Amino acid sequence: MNFEMPNFLLALPEIFVLGMACLLLLIDLFLKDQDRHLTYLFSLFTLVLVAVLTVYGYSGERQISFNGAYVADGMSQVLKLGVYFAVFVVFVYAKDYLRDRGIFKGEFYLLGLFGMLGMMIMISAHSLLTLYLGLELLSLSMYAMVAMQRDSARASEAAMKYFVLGAIASGMLLYGMSMIYGATGTLDLSGIASQAATADKTLMAFGLVFLLVGVAFKLGAVPFHMWLPDVYEGAPTAVTLYIGSAPKIAAFALLARLLGDGLINLHDQWQGILIILAVLSMAVGNIVAIAQTNLKRMLAYSTISHAGFLLLGILTGTRSGFSSSMFYALSYVLMALGGFGMIMLISRKGFEGDKLDDFKGLNKRSPWYAFMMLILMFSMAGVPPFLGFWAKLSVLEEVVASGMIWLAVVGVVFSIIGVFYYLRIIKLMYFDEPASEEELECSADMRLMISANALMVLGIGLFPGALMAACAAAFSTT
Amino acid sequence: MGIEKFIFYIFSVLLIASASMVITVRNPVKAALFLVLAFFASAVLWLLIKAEFLAIVLVLVYVGAVMVLFLFVVMMLDINIERMRAGFIRYLPLGILVALTMAGMLIWVVSGDGSAFNHSVLHGPSYSNTQALGLVLYTNYVYPFEIAAVILLVAIIAAITLTLRRRPNTKHQKPAEQIAVKRHDRVRMVKMKAEERK
């Protein structure tokens, strides 16, 4: 047999995160409850170090290791840094919320790190096997995190729904992968790309459909979105923040690896499927969100509509299309972090600030945070000059450039419908009387982080060039 | 008829018989034991087609670990058999439909041109598929293999997170204190006047 020693250094970020997570597992065991903030600091330290390792460990060219299972390229670098940032913000926001509810335990940070490892594996996957294993690692961590608040019946229900539907989705995905493997005889994504032209057409088409059903389930695209609002609403907000942010980057990576690296030759076949998924997601997400009174549920439907927009860029099948979707995914994650973070900001011990009415008159209670929420909502609605506008614009530009003007028009129409429910929150904050006059109570790091988060949405919105260039560069090397 | 065919038929019959016993016996413990027998019979069938590694794994993992655990659970839980059988008639039509579909598919595949079965590669007697698996598992597939190990670790952490509960008000014994106890800790002598019976 021929065996080539893999380049372990290439996977140093993954190895480092695994090592630190295992170390944290041991350290946390010996900590008393009042020293639990050490676990928190250790996790943040891990994230900073792994970011440094990722930046300095990358040679700038596309490299494949582990017998074709692992790839390091421009896309993987940018997406990984995005994931580290998102998880860092989640950990900072979650601290006070978890402590107030008596679930400030090492497990949240441990499972968060292991889930992040799963995302990194997906982002750097170059074979169907690693893609699937990374996805399972991420999903398993998320199921457990949703169920972590054991005394809450709603959280248990959400976890159960998530687990059952997630397992079905994994089954679909795996079934599709087995068919693609059967048709091409290889698990390697570039091998699949080169075999796709000569492989059995029927088998490839069946495999493709099952793959896309599985991915749509995980992404929460209509008609496979039923689990998403229930899980977002039922889970503790800190966990909702986690599952609603960083995994979207990983979901983009999953699509880009499968469709862009592996099945790009079947573009004619998957384009039609993605168009249907995208249009339905934008329609259902934006229209149903109007009827919601719970902000977590509303943001869940808004996630569905954003997933539709994300698919718009991918379905063009061009490099610039993929890079516009990547820009969209990163922008969306930044906005979602802020949006769910605001819910945690106005929550306090024994009070969940997740109703729309809880935002009434926020301007009178705290003008600064009302302004931050205004930035986030305008950005999600896609109002210039905020980040969300550029994200929507770049995706729509790609759709127009590939000649589907009707699809771009549909996208614009539904995002205008979506503006309504974002503006309603701004109306509640500025023009309604507050239900309570209490001061917002939360720690300094949370205040600082959420201000920085919202100002980043504004700042990158004013100067979007750098992030756009990074996304474009990510797809020029492949 | 060669000895191989003879063994094949014996263990096939045993497999089918024990598998049908699993779903027909009333006692769940007996059903679990029949399932163990079914696993053994199928392990022999694996051996006959020279897949000795699968046969060993089937016995070690399924019989040795999974079924023992299963037996523990079955013996410890108080399962109400009558209630579990309640929906039998209601679900029967659906069950028959699924069974017929499966049977139809099997017949369709088996009665085809045989192209579904001609993929087998025959190796000589010195070929060991345990060795072949081991050679690629820790070399070419070391990365996915390690990830699978991490997934199992996360499963352990998740299971402990979700089930470990510390109950502050449970009553437990402290043997050291029980041994060290003195008479005057437990019994208090009270002096009182004798009372007349009423």
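Every chain is numbered from 1, with letters handed out A, B, ... down the list of sequences. Predicted model, so just to flag it, every value in this text is computed and none were measured.
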Output for pair (A:Phe66 CZ, B:Asn140 CG), nearest 0.5 Å, gives 12.0 Å
Chain B shares the most heavy-atom pairs under 4.5 Å, among A:Thr130, A:Leu117, A:Leu133, with A:Leu133
Under 4.5 Å to a heavy atom of chain A? For B:Ala159 that would be neither
Applying a strict 4.5 Å limit to non-hydrogen atoms, the region of B:Ile157 in contact with chain A is side chain
What one should report as the nearest heavy-atom pair of A:Ser141 and B:Val154 is OG-CG1, 3.8 Å
Smallest heavy-atom separation, B:Ile151 atom then A:Leu140 atom, equals O-CD2, 3.7 Å
When rounded to the nearest 0.5 Å, the distance separating CD of A:Glu107 from CG of B:Leu162 is 9.0 Å
Point to revise | B:Met67, CE atom: more than 12 neighbouring heavy atoms under 6.0 Å | key: yes
Quick check: are there more than 12 heavy atoms from other residues, nucleotides or ligands sitting under 6.0 Å from CZ of A:Phe163? no
Do other residues, nucleotides or ligands put more than 12 heavy atoms under 6.0 Å from the NZ atom of B:Lys50? no
Under 4.5 Å to a heavy atom of chain B? For A:Leu129 that would be side chain
When rounded to the nearest 0.5 Å, the distance separating CG of A:Leu137 from CD1 of B:Ile147 is 8.0 Å
Turns out that what part of B:Val142 lies under 4.5 Å from chain A's heavy atoms comes down to side chain
Output for pair (A:Asn67 CG, B:Tyr143 OH), nearest 0.5 Å, gives 13.0 Å
Let me see the working for B:Leu153 and A:Phe114 under side chain to side chain contact (heavy atoms under 4.5 Å, CB included), right down to the final yes or no.
-> CA-CA 10 Å; B:Leu153 176 66; A:Phe114 276 115; 3.6 Å; yes
Query raised in the report: Do other residues, nucleotides or ligands put more than 12 heavy atoms under 6.0 Å from the CD atom of B:Glu195?
Result: no
| task | May I ask you to check whether over 12 heavy atoms, not counting those of A:Phe16, lie within 6.0 Å of atom CZ? | result | yes
So for atom CZ, which belongs to A:Phe104, do other residues, nucleotides or ligands contribute more than 12 heavy atoms lying within a distance under 6.0 Å?
yes
Output for pair (B:Glu146 CD, A:Ile121 CD1), nearest 0.5 Å, gives 10.5 Å
* **Atom OH of B:Tyr141 with >12 non-hydrogen neighbours under 6.0 angstrom** => no
| In terms of heavy-atom contacts, does CD of B:Glu4 have more than 12 from other residues, nucleotides or ligands at under 6.0 Å? | no
Partner of B:Thr161 under side chain to side chain contact (heavy atoms under 4.5 Å, CB included), picked from A:Arg150, A:Met148, A:Met145, is A:Met148
